[in-house]
Amino acid sequence: MRTAAAVGVGYTELSKASGRTVLDLATEAGRKAAEDAGVALADIDGVVSFSVLGDSVSSEAVATSLAVPGLRFVMDFQQGGQSPCFMVQQAAMAVAQGYAENVLVFRALNGRSGIRVGSGSFPGGAAQYRYPIGYNAYLMYIAMWARRYMHETGTAPEALAAVAIAQRAYAEMNERAIQRKPLDLDSYLASPMIADPFRVADCTSEVDGACAVLVTSLDRARDLRQPPAVIASAAYRAGPRPGLDIGDQLLYDDYTRNFTSLLRDELFGRAGITASDVDFAEIYDCFTSVVLMGLEGLGFCGRGEAGDFVRSGATRLDGSLPVNTHGGLLAEGYLHGMNTVAEAVLQIQGRGGDRQVARHDVGVVTSGALVDGSALVLTTDR
């Protein structure tokens, strides 16, 4: 089996109203990822993606728009933020086993001007009970988990603020970011409460746009335009009894821990590392509480210690573990975590610009917020 690597990254502009079709956005991001890697479009033989509530376009359509001559591997996954790392994992598996040579992984949507997940109507077994009582938006489902986590661990609201403030500081250095206005504790507290404990600054920024990453074999990557980001490990885990309703709040036992605590040992063990070996982390952050759960779940700090860890400055650029160096989904924009994977690739390649972390040999990236999700360990070509 061959080792796989991510080699090219492509973005469109992130905006509140693109005025473009989702297919057009996906095509631009895919083309830019191939160009960034130095791979001809004719050499792409795999395309994979994911969507929520029918908000995107098929991988085959994007291959056609890119004039890819033929496909050997294709996948369209019907899930949301759990998907980006898992999709890269599928691409890496296809490359490693020889089922494809160059696989494009993309996410594209008009997530602000079109179908908005934050206010979308989600079917499910409990929908008939959720909507009549006003329990009707995705942020409310995450807020329930956040409030329970805070209750069980004694985490103060200032911990959520610390996450938002730290990530906004990164976004100030990121020209792609949709939210670049400086944020401090006073301005955080002045932002309206949306769903307890979340204020506006705790919530992801929905955008129109697309992002793509190209995956190929490590041997080929070594001859391409950019340094390889080696896919050293990947994992997907779902806790018990998921999927019956949005938010997985019907049968799950513990709202205070998410999937990261389930996959940590497998993820790090397969890469032959521990949490102490990780130089930076890109943790899925549809809401601030998810970062705190991820830090604890991956073992970067103890139970109930994530708030103090962030407030200590550890997640800043000059800290011991820079986290969400693009500003995260909170500030760069909500591409359902595909841009979180792309940022990890750029950091491993040493292309983070003003946000580049000093030590970048080993990075971890996660996708997902609640019961199920996925993660990657990326390394330099060591």
Side-chain angles (χ1 to χ4, degrees), residues 1-10 30 33-34 37 39 43-51 56 58-60 62-63 68 70-107 211-224 226 228-238 242 259-260 262-273 282 284 336-338 340-342 344-345 348-349 362-368 372-382:
M1 293 178 65
R2 302 175 295 176
T3 302
V7 287
V9 171
V39 171
D43 291 335
I44 294 174
D45 57 354
V47 183
V48 302
S49 189
F50 62 99
S51 63
S56 193
S58 75
S59 296
E60 289 179 325
V62 173
V68 171
L71 289 172
R72 301 171 63 209
F73 186 78
V74 66
M75 178 179 290
D76 290 295
F77 199 49
Q78 298 298 318
Q79 284 193 334
Q82 312 99 310
S83 306
C85 288
F86 188 58
M87 293 292 92
V88 173
Q89 178 183 358
Q90 300 308 303
M93 289 167 59
V95 168
Q97 296 176 36
Y99 291 113
E101 296 298 325
N102 302 289
V103 181
L104 190 68
V105 184
F106 78 90
R107 175 64 165 136
C211 178
V213 170
L214 189 71
V215 175
T216 190
S217 69
L218 177 57
D219 286 343
R220 180 168 190 187
R222 287 170 173 155
D223 296 327
L224 295 176
Q226 308 296 348
V230 180
I231 301 169
S233 178
Y236 171 89
R237 287 296 297 272
F259 72 95
T260 54
L262 302 176
L263 58 66
R264 176 187 64 217
D265 292 343
E266 179 183 355
L267 179 73
F268 290 158
R270 185 175 287 128
I273 64 171
E282 311 293 348
Y284 190 86
H336 291 230
M338 194 67 232
T340 305
V341 174
V345 173
I348 289 290
Q349 293 175 328
V362 181
V364 63
V365 54
T366 68
S367 301
D372 65 323
S374 55
L376 300 168
V377 172
L378 303 178
T379 71
T380 54
D381 188 10
R382 302 184 292 173

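Model, not experiment: these values are computed from the prediction.
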Sole residue of Leu378, Val365, Ile231 in side chain to side chain contact (heavy atoms under 4.5 Å, CB included) with Val88: Ile231

Which heavy atom in Ser83 sits nearest to a heavy atom in Ser367, and how many Å separate them? N-CB, 4.3 Å

Spell out, as yes or no, whether a donor-acceptor pair under 3.5 Å connects the side chain of Ser374 to the backbone of Gln82. yes

Treating Asp45 as the side-chain partner and Ala100 as the backbone partner, does any N or O pair qualify as donor plus acceptor under 3.5 Å? no

Within 45° cone and under 6.0 Å: Arg107 NZ/CZ vs Phe50 ring: yes

Shortest non-hydrogen separation from Leu263 to Gly373 and the atoms involved: CD2-O, 3.8 Å

Taking all atoms of both residues into account, what is the closest heavy-atom pair of Val345 and Ala229, and its distance? CG1-CB, 4.0 Å

Residues Arg220, Asp223: salt bridge by 4.0 Å N-O rule: no

Going through the distances and angles, do Val341 and Glu282 end up as a side chain to side chain contact (heavy atoms under 4.5 Å, CB included)? CA-CA 7 Å; Val341 174; Glu282 311 293 348; over 6 Å; no

Could you tell me whether the side chain of Gln79 reaches within less than 4.5 Å of the side chain of Asp372, counting heavy atoms only? yes

Minimum side-chain heavy-atom gap Met87-Met338 below 4.5 Å: no

Pair Val103-Gln90, side chain to side chain contact (heavy atoms under 4.5 Å, CB included): steps then yes or no: CA-CA 9 Å; Val103 181; Gln90 300 308 303; over 6 Å; no

Residues Glu60, Leu71; criterion side chain to side chain contact (heavy atoms under 4.5 Å, CB included); working and verdict: CA-CA 8 Å; Glu60 289 179 325; Leu71 289 172; 4.2 Å; yes

Closest heavy-atom pair, Leu214 versus Ala37, reported as atoms and distance to 0.1 Å, is CD2-CB, 3.8 Å

Using a 4.5 Å cut-off on heavy atoms from C-beta on, say whether the side chain of Thr260 contacts that of Leu267. no

Compare all side-chain heavy atoms of Val95 with those of Phe73 and state whether any distance is below 4.5 angstrom. no

Yes or no on side chain to side chain contact (heavy atoms under 4.5 Å, CB included) for Val48 and Phe77, after CA distance, side-chain angles and deciding distance? CA-CA 8 Å; Val48 302; Phe77 199 49; over 6 Å; no

Please examine the side chains of Phe106 and Ser56, heavy atoms only from C-beta on, and report whether any two atoms are closer than 4.5 Å. yes

Would you give the length of the straight line joining atom CG of Asn102 to atom CZ of Arg72, rounded to the nearest 0.5 angstrom? 10.0 Å

Flag, side chain of Ser49 to backbone of Ser59, donor-acceptor distance under 3.5 Å: no

Could you tell me whether a side-chain N or O of Gln89 sits under 3.5 Å from a main-chain N or O of Leu376, the two making a donor and an acceptor? no

Are any non-hydrogen side-chain atoms of Arg270 and Val377 less than 4.5 angstrom apart? no

In short, Ala63 meets Val47 closest at the heavy-atom pair CB-CG2, 4.1 Å

Pro228 and Ala221: which non-hydrogen atoms are nearest, and at how many Å? CB-CB, 3.7 Å

Arg237 and Glu266, any side-chain heavy atoms less than 4.5 Å apart: yes

A side-chain contact here means heavy atoms from C-beta on lying under 4.5 Å apart; do Thr216 and Val39 qualify? no

Would you mind telling me which of Tyr236, Phe259, Tyr284 makes a ring-ring contact (aromatic ring centres under 6.0 Å, His included) with Phe86? Tyr236

